[in-house]
Amino acid sequence: IFSLTFAMLFVIGCEDDDHDNHDEEHTDADGFILENESGTEVYREFEGAVTGSVALSVGDTLELSVHFLDHEGNEIEHEEEEGDEHEEGELEVSGANASIAIVEVEHEEEEGDDHDHDHDHEEEHGAALHIIGVSSGSTSFQVQLMHDGHADYTSTNNVTVTVN
């Protein structure tokens with residue numbers, strides 16, 4: 001009985017250790033920023049408060065990098081040795097009215113055409129959006145950072161996009 005009890009405790013202890021390690025892979029974000037190609041912040045959501053706006057003209061494409069923020073409002077840095085986008089999390093967007101603006105996630109798998117990939121990976125970690133102005137109006141979208149089939153982070157507010 002003692003051996004069986006010890007074996008069960010050992011197995012349960014190992015399962016808890018695996019669960020704790022698994023939790024360390026999750027991103028504990030309290031907000032995010034969207035930056036344009038020149039590195040200027042155009043939109044920020046932090047603990048539910050929003051600053052900035054996203055606007056473009058019909059026919060224009062806006063490329064925005066996405067950076068998630070920790071509980072102090074600082075950008076969350078990713079471990080370089082992870083190397084796999086799915087370990088860091090995958091960006092998803094939803095809710096935009098495609099007749100006004102198309103909002104697409106630029107996936108890191110598209111890196112083959114990017115001659116400056118090493119720089120972009122360090123700066124953006126593959127988290128970027130393309131927003132294409134289709135017709136005049138306003139729409140909005142939600143940002144989610146997905147990991148293992150669930151959202152580690154979901155934007156509190158929808159990001160409003162105005163197309164002129």
Side-chain angles (χ1 to χ4, degrees), residues 22-23 25-79 82-164:
H22 182 71
D23 286 345
E25 294 175 5
H26 293 269
T27 302
D28 185 20
D30 287 317
F32 67 99
I33 58 174
L34 300 177
E35 291 181 347
N36 63 20
E37 291 176 317
S38 64
T40 303
E41 182 179 306
V42 296
Y43 183 92
R44 172 185 293 254
E45 176 182 296
F46 180 63
E47 296 180 339
V50 173
T51 57
S53 62
V54 177
L56 69 161
S57 298
V58 173
D60 285 352
T61 299
L62 186 60
E63 184 172 332
L64 301 173
S65 59
V66 182
H67 303 276
F68 290 93
L69 305 174
D70 65 17
H71 67 280
E72 295 177 357
N74 299 317
E75 182 179 343
I76 297 172
E77 299 295 328
H78 295 283
E79 300 288 327
E82 286 180 7
D84 183 13
E85 175 185 3
H86 297 287
E87 289 182 18
E88 294 178 359
E90 184 172 332
L91 183 65
E92 288 188 8
V93 294
S94 60
N97 180 344
S99 67
I100 296 175
I102 297 170
V103 181
E104 304 173 319
V105 175
E106 177 185 336
H107 293 285
E108 194 168 340
E109 289 81 27
E110 298 171 6
E111 70 200 29
D113 296 333
D114 188 357
H115 64 279
D116 195 18
H117 165 67
D118 291 335
H119 171 73
D120 287 345
H121 182 73
E122 289 174 12
E123 293 297 317
E124 300 177 17
H125 306 286
L129 300 175
H130 288 158
I131 302 174
I132 303 165
V134 177
S135 64
S136 292
S138 182
T139 186
S140 63
F141 64 92
Q142 183 177 58
V143 173
Q144 289 187 309
L145 181 62
M146 301 298 292
H147 184 263
D148 287 341
H150 69 277
D152 276 359
Y153 174 80
T154 301
S155 58
T156 306
N157 303 285
N158 284 349
V159 178
T160 300
V161 177
T162 304
V163 180
N164 299 311

Margin query: side-chain contact (heavy atoms from CB on, under 4.5 Å), that's the test. Do Thr160 and Ser53 meet it? Break it down for me.
Written below: CA-CA 7 Å; Thr160 300; Ser53 62; over 6 Å; no
Note to self: Once rounded to the nearest 0.5 Å, what's the spacing between atom CD1 of Ile131 and atom CZ of Phe141?
What the structure shows: 4.5 Å
Check: When the ring planes of Tyr153 and Phe68 are compared, do they come out parallel, tilted or perpendicular, using 30° and 60° as the limits?
Finding: perpendicular
Item checked: Nearest-0.5 Å distance that lies between atom OG1 in Thr61 and atom CD1 in Ile132 -> 4.5 Å
Note to self: Tell me the closest heavy-atom pair linking Asp70 and Ile76, and the distance in Å.
What the structure shows: N-CG1, 3.5 Å
Notebook entry, point to check: Can you name the closest pair of heavy atoms from Ser136 and Asn164 and give their distance?
Noted result: OG-C, 3.7 Å
Notebook entry, point to check: Please walk me through it: do Glu41 and Thr51 pass side-chain contact (heavy atoms from CB on, under 4.5 Å)?
Noted result: CA-CA 10 Å; Glu41 182 179 306; Thr51 57; 4.2 Å; yes
Check: Given Thr139, which of Thr162, Val134, Ile100 fulfils the side-chain contact (heavy atoms from CB on, under 4.5 Å) condition?
Finding: Ile100
Notebook entry, point to check: How long is the span from the CD atom in Glu45 to the CG atom in Leu34, to the nearest 0.5 Å?
Noted result: 9.5 Å
Next item on the list: Would you confirm whether Ser135, through its side chain, and Ser99, through its main-chain N or O, come within 3.5 Å as a donor-acceptor pair?
Entry: yes
Next item on the list: Taking all heavy atoms of Thr154 and all of Ala151, pick out the closest pair and write down the distance.
Entry: OG1-CB, 3.4 Å
Note to self: Val163 vs Val58, test: side-chain contact (heavy atoms from CB on, under 4.5 Å). Steps then yes/no.
What the structure shows: CA-CA 6 Å; Val163 180; Val58 173; 3.6 Å; yes
Note to self: With a 3.5 Å distance limit and no angle check, can you tell me whether Asp152 reaches the backbone of Asp28 through a side-chain donor-acceptor pair?
What the structure shows: no
Margin query: Quick check: closest heavy atoms across Ala101 and Val161, and the distance to 0.1 Å?
Written below: CB-CG1, 4.1 Å
Next item on the list: Could you check Glu104 against Glu106 for side-chain contact (heavy atoms from CB on, under 4.5 Å), going step by step and ending with a plain yes or no?
Entry: CA-CA 6 Å; Glu104 304 173 319; Glu106 177 185 336; over 6 Å; no
Next item on the list: Write down the atom of Val143, the atom of Val159, and the distance for their closest heavy-atom approach.
Entry: CG2-CG2, 4.3 Å
Notebook entry, point to check: What's the spacing between Glu92 CD and Met146 CE if we round to 0.5 Å?
Noted result: 4.5 Å
Note to self: Within this structure, what is the CG-CD distance for the pair Asn36 and Glu63, rounded to the nearest 0.5 Å?
What the structure shows: 10.0 Å
Notebook entry, point to check: How long is the span from the OH atom in Tyr43 to the CG atom in Leu129, to the nearest 0.5 Å?
Noted result: 12.0 Å
